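These notes are about the structure you will find just below.
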Amino acid sequence: MTCQEYKDLMMAYLDNELDETQRRVFEEHLASCRDCAKEMAAFRRLKQMTDEVEFVEPEDRLWQQYWGGVYNRIERGIGWVIFSLAGILLIVYGGFAAIENLIKDPTVSVLLKVGLLALLVGLAILFVSVLRERIYFWSKDRYRDVRR
Ligand SMILES: [Zn+2]
């Protein structure tokens, strides 16, 4: 066999596609031919590199999952913020409507009005915070049920 023929077999050798006899003949030639041994080393490096490229693929998928996760978290975060603000606004508005007459009453002191409004805002924030917590844990519980 000529050197060119051995070179044609190199990729097949690296991919374990040669039968035992071909393998032995090939290895014997490599041991005795520096030129082919050098070429073989280059092929080996090439194969290593292409193998590494293949390893990049699942990592790409991990990155996509990672960024998908970050996006989801940001999305959920924004959702919670809007939900909280809307909830607080609605409760404050509802509460304000309930004490509107009191606020408009000129005989009630300003300090009491401010105190009532602060109480209202505080209650609204607290309520939304607790509600958010309940919803959060409820969704976690549901997730646990799915995993079981
Ligand atoms: Zn050779």
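Note that the structure is predicted; figures quoted are calculated from it, not measured. Remember, it's 1-based here, ligands and their atoms both numbered in the order they're listed.
The shortest distance between side-chain heavy atoms of E39 and Y6 does not fall below 4.5 Å.
In D15, the CG atom is crowded: over 12 heavy atoms of neighbouring residues, nucleotides or ligands sit closer than 6.0 Å.
Members clustered with L85: V81, by chain and number, using a 4.5 Å side-chain heavy-atom cutoff among hydrophobic residues.
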May I have the step-by-step check of side-chain contact (heavy atoms from CB on, under 4.5 Å) for Q22 and D19, ending in yes or no? CA-CA 5 Å; Q22 282 175 308; D19 65 43; 3.3 Å; yes
Which pairs would a plain distance check flag for residues 117-130, meaning a side-chain donor or acceptor within less than 3.5 Å of a matching protein atom at least two apart in sequence or in another chain?
none

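Distances under 2.8 Å from the Zn ion (ligand 1) pick out the protein N/O/S atoms C3 SG, H29 NE2, C33 SG, C36 SG.
Sorted by first then second residue, the salt bridge (charged side-chain N to carboxylate O under 4.0 Å, His left out) pairs that include residues 87-113, not counting sequence neighbours, are E100-K104.
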